Each structure stands twice: as structure tokens, then as C-alpha cells.
Amino acid sequence: GAASELSKRFGARASKDAAAYREQEQRVKGLQKQLEARLLQARQEAARQKEELSSLHEALSSSQQHASGQLSEAVRWQSHATSLSEGLEMHKAKANRLETEADQLKAELTDKIKMFDALNGRFRRKLQECEDKDRRLENERRKRLKLENEKIELMNVINADEQTESKDQ
């Protein structure tokens with residue numbers, strides 16, 4: 001009775017711990033997928049920005065070479081170059097922000113993985129404890145059954161002796 005109750009309680013606790021573990025694991029996986037997607041977007045945006053920066057740099061160089069021919073052309077191209085330079089600085093700043101965000105996402109992901117590993121270790125210890133308790137309960141049940149069988153055998157011997165004595169009288 002008590003062993004059965006203990007087994008049920010530990011089974012329910014292990015089931016509850018396993019469910020909490022699976023729920024936490026799903027949350028971590030969801031967060032990990034979100035973080036990986038955001039990291040991929042940040043990297044793609046940074047690559048696009050880098051291509052734009054390269055293109056802007058080429059355009060800037062080209063405009064400066066052609067501007068040397070005529071003063072009016074130089075003034076026009078200088079204005080264009082200034083605009084491109086401002087765009088370049090803006091894109092550099094944006095690329096830096098994206099890189100910082102990617103680093104932050106990596107750090108968050110690392111923290112989540114560490115937390116998941118800790119939960120996983122705790123779950124495994126709890127599971128091992130439950131398995132150990134189940135083994136002990138099973139051993140106790142076997143001992144009880146053995147004792148009950150020995151008791152029945154002794155009762156049969158006693159009954160047989162009493163019947164033999166009553167026949168002898």
C-alpha cells in the first residue's frame with residue numbers, strides 16, 4: 001500500500017518533471033530558432049549593406065575622376081560625392097548596429113543554452129532518483145511476496161500438523 005503510494009507519487013512527480021522539461025525544451029528551441037532567424041537576417045542585411053558600401057565607394061571614386069575635367073562638372077560631382085559619402089557613413093553606422101545586435105543575439109542564445117543544459121542536468125538527476133526509488137520499491141515488493149509465500153507454507157504445515165494430531169486422537 002505505502003510502497004504503491006510512493007511509487008505513484010514518484011511516478012507523478014517524474015511525469016510532471018518530464019512535462020516541465022519538455023515545455024522548457026520547446027521554449028528554448030523556439031527562442032533558439034527566433035534568435036537564429038534574427039541572426040541570419042542581421043548577417044544578410046550586413047552583407048547587403050557591405051555590397052552597397054562597395055558600390056557607393058566605386059561610384060564615389062568614379063565621380064571624383066571625372067569631376068577634374070571641368071569646374072561646373074566638378075561642382076556637380078562634388079555634391080554627388082558628398083551625398084554618397086553621407087550614405088556611406090549612414091550605412092557603416094547601420095552595419096555596426098546590426099553587428100552589435102548579432103553579438104547580443106549570440107550572447108542571449110548562449111545564455112539560453114546554458115540554462116537549458118542546467119535544466120537538462122537537473123532533470124536527469126531527478127529521473128535517476130526516481131529510477132533508483134522504483135528499483136528499491138520493486139525489491140521491497142519481492143521480499144514481501146517471498147515472506148507472504150513462506151507464511152502460507154508455514155500455515156499449510158501447521159494446518160497439516162493439526163489435522164494429523166486430530167486424526168491421531
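Quick caveat: nothing in here was measured; it's all calculated off a predicted structure.
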Separation between CG (Leu35) and CD1 (Ile113), nearest 0.5 Å, reads 9.0 Å

Rounded to the nearest 0.5 angstrom, the CD-CG distance for Glu86 and Leu56 is 12.0 Å

Please check: side-chain N/O of Thr110 versus main-chain N/O of Lys106, any donor-acceptor pairing under 3.5 Å? yes

Can any side-chain N or O of Thr100 pair as donor or acceptor with the backbone N or O of Asn96 at less than 3.5 Å? yes

For Ala102 and Leu39, the nearest pair of non-hydrogen atoms, with its separation, is CB-CD1, 3.4 Å

Say whether, by atom type as modelled, one donor and one acceptor occur between the side chain of Thr164 and the main chain of Ala160 under 3.5 angstrom. yes

Would Glu148 and Arg144 count as a salt bridge (Lys or Arg N to Asp or Glu O under 4.0 Å) here? Give the steps. CA-CA 6 Å; Glu148 286 177 8; Arg144 185 174 44 83; 3.3 Å; yes

Any chain of hydrophobic side-chain contacts (each under 4.5 Å) joining Leu127 to Leu137? no

Between the side chains of Gln24 and Arg27, does any donor sit under 3.5 Å from an acceptor? yes

Out of curiosity, Glu101 CD to Gln41 CD, how far, rounded to the nearest 0.5 Å? 9.0 Å

Distance check, rounded to the nearest 0.5 Å: Tyr21 atom OH versus Leu119 atom CG? 8.5 Å

How long is the span from the CG atom in Leu105 to the CG atom in Leu31, to the nearest 0.5 Å? 11.0 Å

Run Arg142 and Glu138 through salt bridge (Lys or Arg N to Asp or Glu O under 4.0 Å) and show every step you take. CA-CA 6 Å; Arg142 285 189 195 126; Glu138 183 60 26; 3.7 Å; yes

Determine whether the side chains of Glu45 and Gln49 contain a donor N or O and an acceptor N or O closer than 3.5 Å. yes

Take His91 and Leu88, measure what side-chain contact (heavy atoms from CB on, under 4.5 Å) needs, and give me the verdict at the end. CA-CA 5 Å; His91 289 301; Leu88 178 65; 5.7 Å; no

State whether Glu36 and Lys33 are salt-bridged, where the test is any N-O pair (Lys NZ or Arg NE/NH1/NH2 against Asp/Glu carboxylate O) under 4.0 Å. no

Just do the side-chain contact (heavy atoms from CB on, under 4.5 Å) check on Asn156 and Ile152 with the steps written out, would you? CA-CA 6 Å; Asn156 288 338; Ile152 291 169; 3.8 Å; yes

Nearest 0.5 Å, what's the CZ-CG distance between Arg135 and Asn139? 9.0 Å

Show the numbers, then the answer: is there a side-chain hydrogen bond (donor to acceptor under 3.5 Å, both in side chains) between Gln128 and Asp132? CA-CA 6 Å; Gln128 185 63 48; Asp132 293 346; 3.0 Å; yes

Glu153 and Asn149: side-chain donor and acceptor closer than 3.5 Å? no

